[in-house]
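So you know, we letter chains A, B, ... as the sequences are listed, proteins then strands, and number each from 1. Note that the structure is a prediction, hence the values are computed from the model and not measured.
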There are 2 protein chains.
Amino acid sequence: MSSPVTHIVDDDPAVRDALQWLLKSRGVQSQTWASAEEFLSADSRELCGCLLLDVRMPGMSGIELFDRLRGIGCHLPVIFLTGHGDVPMAVQALKDGAFDFIEKPYDDNALVDKVLAAIGHDAKRCAHANAIRALRQKLEQLTQREQEVMQMILAGKLNKVIADDLGIAMRTVEVHRSHIFEKMQVRSAVELSQLLSTLGG
Amino acid sequence: MSSPVTHIVDDDPAVRDALQWLLKSRGVQSQTWASAEEFLSADSRELCGCLLLDVRMPGMSGIELFDRLRGIGCHLPVIFLTGHGDVPMAVQALKDGAFDFIEKPYDDNALVDKVLAAIGHDAKRCAHANAIRALRQKLEQLTQREQEVMQMILAGKLNKVIADDLGIAMRTVEVHRSHIFEKMQVRSAVELSQLLSTLGG
DNA sequence: GGCACGTTTGCGGAAATCCACAATAGGCAG
DNA sequence: CTGCCTATTGTGGATTTCCGCAAACGTGCC
């Protein structure tokens, strides 16, 4: 897993530098982007850390970038920065899943605290995302037939019933079952069920 | 399950009446409370619907009431109303789990929409809470010993292992197992695992 | 054609689960 | 004291699961 990086998106070079300097002085790695469009061109789905986003920018606004990112499956925690934010905008942003919304001028310590909180939050998210990814990888190792059988196992059906439903011999179901457990690296149907339940959590 | 009610907490009788009238005209049941203290004395944990809360009130503020309610296990969705809200306050409220934050003067249609959204949201929460309650009720039917055995079943242990760990005969474990399935109304360890996984979801 | 892989099936046995019938023992309420 | 609940154990059998050994068939690749 990559180390957390705070991505700063602001059209003003002075602001970018000030933020980067502030974060660096507290030991927080950061990377700057001069526009929403620039950041969008990066592969943001793989990133870990957080996103410091100026609301008002020429071209694409921070809000719009936020929406776009969510649309393409990037769930990096976003902290908005704005010079003249109004309550409805802040409320909407947070309801849409923004992590925080800060008005300029900001307090250095408060901002760093929020960034650290966002990074901490994202660490959990990334860990969970990695667990999900590993699980999907295992699931993809299963053949079509094995996935069918697995569903029926999770439905609590006995091998005999599964065999009847699929119109195959019980022995075949047993073989599939064995392969499923092996590939999923579990030793019982209960473990399998618990492993899969982490997906829908 | 009780039908949803919007609880209005505001010290100004005119505001309370206006809100109640507005909601009634849209078919939304409501109940008014003249102060935070008054609402706190109600058994708010059993309520379904939402909470319209004035931020600034004599005595306990809306924000403080909100915190208190969360503290005592009331998770009714809260919509704050404020005459002169600032961004930091709105942000903090939403981060603490408030459902919405509206500035006065409010738009009637927008407010009703938000109330309806909150009520819809709470319907799901109540349904889930009821499921949890039913599950807890079943769990409480289990004796101490049965709960121990259940944990070990969920850990994927075989009856033989459970018997060894508890220092009792395998037959006894089988009896417990049977009782557990009966009381929890499931027919296999897999179903049990899935039933319990709804708790941690 | 040969080879790998997936799906299928059978045989037979070890191990585990499920269950009815039966019984002992302690705690607790009426 | 009696009845109910809980925990415990045993016997014996039906059912199910788990697994090694063996093999047949089709698809797709080299």
Write down the distance between [atom1] ([X]) and [atom2] ([N]), rounded to a whole number of angstrom.
X: A:M170; N: D:dC19; atom1: CE; atom2: P; value: 14 Å
X: B:K160; N: C:dA14; atom1: NZ; atom2: P; value: 14 Å
X: B:L142; N: D:dC5; atom1: CG; atom2: P; value: 16 Å
X: A:I162; N: C:dT8; atom1: CD1; atom2: C1'; value: 16 Å
X: B:L166; N: D:dT6; atom1: CG; atom2: C1'; value: 15 Å
X: A:H176; N: D:dC19; atom1: NE2; atom2: P; value: 16 Å
X: B:E148; N: D:dT8; atom1: CD; atom2: C1'; value: 14 Å
X: B:Q144; N: D:dC5; atom1: CD; atom2: C1'; value: 15 Å

Quick check on C:dT7: is either OP1 or OP2 less than 4.0 Å from any side-chain nitrogen or oxygen of A:T143? yes

For nucleotides 18-26 of chain C, just jot down a letter per nucleotide in 5' to 3' order: B, S or -, based on protein non-hydrogen atoms under 4.0 Å. BBBB-----

Taking the six-membered ring for Trp, are A:F80 and A:F101 parallel (under 30°), tilted (30 to 60°) or perpendicular (over 60°)?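 If you compare the ring of A:F80 with that of A:F101, the planes turn out tilted.
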
From D:dT16, C:dT9, C:dT7, nucleotide with atom closest to A:I168 side chain: C:dT9

Selection from C:dT9, C:dT17, D:dG10 that lies nearest to any side-chain heavy atom of B:L158: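 Among C:dT9, C:dT17, D:dG10, the one nearest the side chain of B:L158 is C:dT17.
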
Reckon A:H179 touches a base, only the sugar-phosphate, or nothing at all at heavy-atom distances under 4.0 Å? nothing

Describe the nucleic acid contact of B:T172 in one word from base, sugar-phosphate, nothing, applying a heavy-atom distance below 4.0 Å.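 Contact class for B:T172: base.
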
Using 4.0 Å as the upper bound for N to carboxylate O, is an ion pair formed by A:R70 and A:D67? no

Other residues, nucleotides, ligands: >12 heavy atoms within 6.0 Å of A:Q29 CD: no

So, do A:I180 and A:V186 sit near enough that their side-chain heavy atoms are less than 4.5 Å apart?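 Not touching, per the 4.5 Å side-chain cut-off.
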
Any A:E103 side-chain heavy atom under 4.5 Å of B:P88 side chain: yes

Donor + acceptor pair across side chains of B:S30, B:T6 (<3.5 Å): no

For A:F99, is the NZ or CZ atom of B:K95 found under 6.0 angstrom from the centre of its six-membered ring and inside 45 degrees of the ring axis?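 Yes - B:K95 lies over the ring of A:F99, closer than 6.0 Å to its centre and within 45° of its axis.
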
